[in-house]
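Note sheet for the following structure.
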Amino acid sequence: MMLSVESLLYGLGPAILVFVLFQSLFIAVSVFIIITVIAFIILQPWKINLPHVSSYIDDHINSVEYSSSLLLAHETALSPLAQLQRYRVSQQLPAQIKQLQPDHRLGRAAIVAGIFLIFSLLCYQFGISVSFDPDNNQIEKSEQVVFKAVDSSETKIDSPVLESQKVTISYPVYTKKAAFSTSKMDVKALDGSRLYWQINFDAEVDSVFYEIGGKSYSMQLKDEAYRYSAVLNSSGFYNFRFTDLHGKSYVSELYSIEVLQDQEPIIEIAGLEQYTAFNYDEPKHFSFKTQISDDFGIADASIIATVSKGTGESVKFREEKLTFDNQVKSGSKNLLLSKKIDLNNLKMEPGDELYFYVQATDFKQPQPNISRSETFFAVIRDTVTYDEGVEGTLGVDLMPAYFRSQRQIIIDTEKLIKDKSKIAIDEFNSRSNDLGFDQKALRLKYGQFTGDENEGGTAEEEVYHDEETGETDDPLEGYKHNHDSSNENNLVEKSEEPEGDAPKFTQSIQSKLRQALNEMWDAELHLRMYDPQKSLPYQYRALDLLEQIKNSARIYVHRIGFDPPPIKEDKRLTGTLDEVVSFRKSDENDEQDNFQFMRKSILRIEQILNSDKQVTKADQELFAKAGTELSALAIENPGEYLTTLQNLKWLAELEKTTLKTLKIVQKGLIIALPKESAEPVKTSSKYDELDQLMLKELQQND
Amino acid sequence: MIKNLSFANTSYLWPVLGGAVLLLLIFIWKERKSPQNNRFWLKITAIFLAIISLALIALKPQTTQIAQLGTGIILTENYKPKTLDSLKKLHKRAAILNYTAGKSLHNALDSLSTIYVLGNGLKPFDLRQLDSVSANYVGGKNLNGITKLQYKQQNRVGDELLVNAFYEQPGNGNKIILQGPGGADLDSVNLSQGDSQILRLKSQLKAKGNFVYSIVEKDSLGKVQTTDPLPVQVNEKEKLRILIVNGFPTFETKYLKNFLAEAQNEVTVRSQVTKGKFVFENYNTASKNISALSERNLEDFDLLIIDANSLKSLSKSQKSGLEEAITGQGLGVFIQPDTDFYRFQGDFSDFTFSQDGNEIVNLDLAKRLTMNKYPFQITSQFGLEPIQKSGNEIISAYKQYGLGRIATTVLSNTYQLVLEGDEEQYKKLWSETITAVGKKKQSSAEWEVSYFGVQNEPFNFRLRTKISEPRVYIRNGYDIALRQDVDVSSLWRGTMYPHKTGWNSLVMQQDSTQVAHLFVTDSVKWHAMFARQTIHANKTYVSKRKNMDLQGQSKQPVNPLWFYLLFIFGMGFLWLEPKL
């Protein structure tokens, strides 16, 4: 008995290991039987019989006095002494036999079985299993494509059976992922992947189609397999259809295609404040670390920096692309980069600002994913700032209208310098002189405000009359834009104070204006000497000063609020309405119910279920339309509605349907329909003579 | 004796008595005239007897007698054997009858005067069989299952189907599931041990048509115990025709009109730009010119949304036109309030408001929301129907005016809900309000049909229609005779005996668009609920009978042969007397 258990244990251990390794019950059982039989032969448990046992007892229990065999003999055949001995033995044996252990090595067997068991567990845990399948393409039952005949009529001919199925998914080249095949037909792959389907039949078929989204594509026969390939770009559902040689049509189940998107690189920046400010006397550099990761590898990463100079209207931007200190290893999925930025290297001065962000691209085709980090700022604090202050207390806009013409003179001067090589020297000189004159005219105009003497004013006017055909009274007509004079009425009366003081300017503006006039003097001088190149710096300085004056004048605009003119009450609301017309607007809101066929299908199925009606052609069309609606709904979440969609497809295609299919579809459709939002509706009410009487009474007594 | 005497033809009493007296007088007068005046009194007596017997023949006198017959026990479904035993002890010779629905008990009841009904009782339509005996209802074991059910059978797409059920003796661990057509689990409730439990199940109705939902009870292992059908009719949503009149364009109107137009309602907006100039907007409808409100052009609308100021400044003729449209046609009016409106309302509305100073209110829509309002609330009064309430505070309400309704609200700037992204709440708020106020559809017939019919059992229905002599038939079946109500001429009653389970349709011949759908089950379904109804019917029947007449009494007519003999005797004497 014990020996049998022992041999069984020897057999069991290896058998379990084999089962885990090969996952085949047949092999495991065979191994179990073989090993157990071998163990039986070796241990020979059947050899143990009564004489064998009695000699074993004699060997191990002394008090039996080698007489246990007497117990086996027939009582009557023994001599009286033997009988006495037999009695003695039978008295003592039951008490002592318990101490005796039969000869076996059960423990050893259990240990062996245990070791095998532990091995099996380890193999199972780590998924080690040896498959003896030569091409590793064994299709699991649940994965196998099942075709159903569209035509329900019974035929004697065997329909072709699917022999193998395979879909190969090759990811876009940039992902550097090897193509792989699977027999599972529900595909989940990266956008842009190419899919190759390959299906074989055991018999010849007429044609095979790949159907997706209501479109049908013929599959090509090559090397006895039907093949089709497509590039993945949208999620959806597909199925196969084939026609056998007898013209019978079969459709497969529906399978889902789910498109995964290549993720944008993720950028994390550490060790840096969003805003860093430096004083001009500090060391102006900082460093930071960037961690960039992407699902299929990073193509490039860089820092885009923008330096801004100046403020207000004169702000200038300069953009630069900076590289990281360590090299960007193209193709790696995880990058740790660092950068030290020295503001001096970027030629930044006090008051300048640096904006920068990190940008990374991946390999996605055709358009790579570009992602960028947040923008960081670094600023060198300016030593001087324009404070907003009121330099002057008058509620008058002091800004004369002519200031902008200095800019125009600069533009003209620059143009003249540029044209120098193209034009004759006389012409050059003449134009330079003209500009000098313009400069003078401008200076004189400003001079009026500073109280300069209007020397030679009449002569200029004469010149104007001569040269410019004298068609205008305003000497500045040609040098200013018309809108410049919009604040003419605010100007100081120029004619009334032809000379002397200019009491309406405050000191600082006046001194600035003075400086500007001096610059203008020099500018004019160089222009008159036919050297516009030398004149330019003076012109620029003059412009700069004028800008400053402008800026200080502009402050008034901030400080003075809007003061509307008083409303004349008697004129109010007396405008003519002749031009105001009534108008009509009509709009049809023909928003269709997106799920009308799904709703109709639910009702139709209810009718079919409740009366023993059959699914008609018209119903099938309805179900097909409902299928389109549902797949639009399901595209977000293909897995959830797959069964319903699948059964809906059967309903729309097959001639014979089962009640079960109908129920599954109805159930699925009801659950899939989205929740309706509240809408006002017309309700009905009962209203008869009694109500009429009551209402009348109520009204009379109200 | 005289106490027990009554006449079967009580209504003939006075004419017969009058005739008899007249006849007697004629005979007396004739006798007095006759020359032979001997035996005058004797003759008068004979005449009197003859006339009396004639009168009694006509009046059919009857006497009340106490019947002294046997006692019987009717055993119906679900009776308690213990009760039967104790009854047997009391009435040793009681006859025991087993009840089968629809089978006649008359033969057995003939010899009985007192009956005890044990168990759930006789089906309502069988109770009349007990009319000849004195009946006592004893009852039976407690019911187990859903005994009361309440839900709306007629719904519209998008409505919430709310099922309230009363479950008696729920078992622990069981589960009640509301299943849609096709077996989709929509909602469920766990039962817990106790005497009874109120169940509430709900689900949104999404498709149009007649459907059979079901209430399924599963035990803790998921095994289906019972499945009972729940017929639900889902109708198409009907759209409203809405006119919006505004003194000037507002955001409130802008969002409201967008919402209404997107919900496919026909919306016409007239907003004033300036004196005499308007902007007309038409959505989902042909262009309509509404320069002035009149009864005629308001006919095309179900609802008028008007701001308080425009309503006040309507001309006299427009006001009377509007009033006619409200009371006569059932037009609904929603007044968009402004602050002045709460102080002075103008002609149409007579809401009363009270100032509460609160400018915000918490409203329970699909979720709790805080909304802006005017610092007033609507005061509850007779005839005021609240639409939205916040606690006891009435936020929006309507009042019935003739056929129509006038409504208003204290909410302001509801469009902020849309801006805050709570569009669903906004839709819910306004859907409730507008559905409540809008003109009601009047159909030519109104059916009053209960939830279920039971196969081969009488099914009563009522029909209200103004059509004279309506005729009703079952689709693909027979005609049903209708009985007009004595007092209300527009009310008709009918009884049918459905053969076919599932949906049956009652159609009115004069107007075949008027169809009532009724769902017929077999008697196995909704067992507890039907049992409860039977018990109720039995109890009512018995208590009614107790009040109606004394126990065990029956009226026996006096044999008319006596009166005939008396008459022949009288007449015979009168004939024989001259010959003596």
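Here is how names work: the chains are called A, B, and so on, in the same order as the sequence lines, proteins then strands, and each is numbered from 1.
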Does A:Ser601 have any side-chain contact (heavy atoms from CB on, under 4.5 Å) partners at least two apart in sequence or in another chain, and if so, which? A:Leu622, A:Phe623, A:Ala626, A:Leu669
Do the non-hydrogen side-chain atoms of A:Phe595 and B:Lys206 ever get within less than 4.5 Å of each other? no
Show the numbers, then the answer: is there a side chain to side chain contact (heavy atoms under 4.5 Å, CB included) between B:Tyr283 and A:Lys585? CA-CA 8 Å; B:Tyr283 300 96; A:Lys585 181 179 153 192; 3.6 Å; yes
What heavy-atom pair brings B:Ala263 and A:Pro680 nearest, and what distance separates the two atoms? CB-CD, 4.5 Å
Determine the minimum heavy-atom distance between B:Arg156 and A:Thr683, stating which atoms define it. NH2-CA, 3.5 Å
Heavy-atom distance under 4.5 Å between the side chains of A:Val681 and B:Asp159, does that happen here? no
Supply the atom-to-atom distance B:Leu205 CG to A:Arg599 CZ, rounded to the nearest 0.5 angstrom. 11.0 Å
Counting a contact as any heavy-atom pair under 4.5 Å apart, which residues of residues 207-214 of chain B contact chain A? B:Ala207, B:Lys208, B:Gly209, B:Asn210, B:Phe211, B:Val212
Which residues pass the side-chain contact (heavy atoms from CB on, under 4.5 Å) test with A:Thr616, not counting sequence neighbours? A:Ala618, A:Asp619
Measure B:Glu266 against the heavy atoms of chain A and call it side chain, backbone, both or neither at under 4.5 Å. neither
Once rounded to the nearest 0.5 Å, what's the spacing between atom CD1 of A:Ile670 and atom CG of B:Asp185? 11.5 Å
How many angstroms lie between NZ in A:Lys675 and OG in B:Ser203, if you round to the nearest 0.5 Å? 7.5 Å
Between B:Lys427 (side chain only) and A:Ser677 (backbone N and O only), is there a donor and an acceptor less than 3.5 Å apart? no
Tell me which of these, B:Ile434, B:Val279, B:Thr285, B:Val273, has more heavy-atom pairs under 4.5 Å with chain A than the rest. B:Val279
Chain A shares the most heavy-atom pairs under 4.5 Å, among B:Gly180, B:Ser490, B:Gly158, with B:Ser490
Go through the steps to decide whether B:Gln204 and A:Leu673 satisfy the test side chain to side chain contact (heavy atoms under 4.5 Å, CB included), and finish with yes or no. CA-CA 10 Å; B:Gln204 198 183 40; A:Leu673 272 177; over 6 Å; no
Is there any salt bridge (Lys or Arg N to Asp or Glu O under 4.0 Å) pair reaching into residues 233-242 of chain B, and which pairs are they, with sequence neighbours excluded? A:Glu676-B:Lys237, A:Glu679-B:Lys237, A:Glu679-B:Lys239, B:Glu238-B:Lys441, B:Arg241-B:Asp302
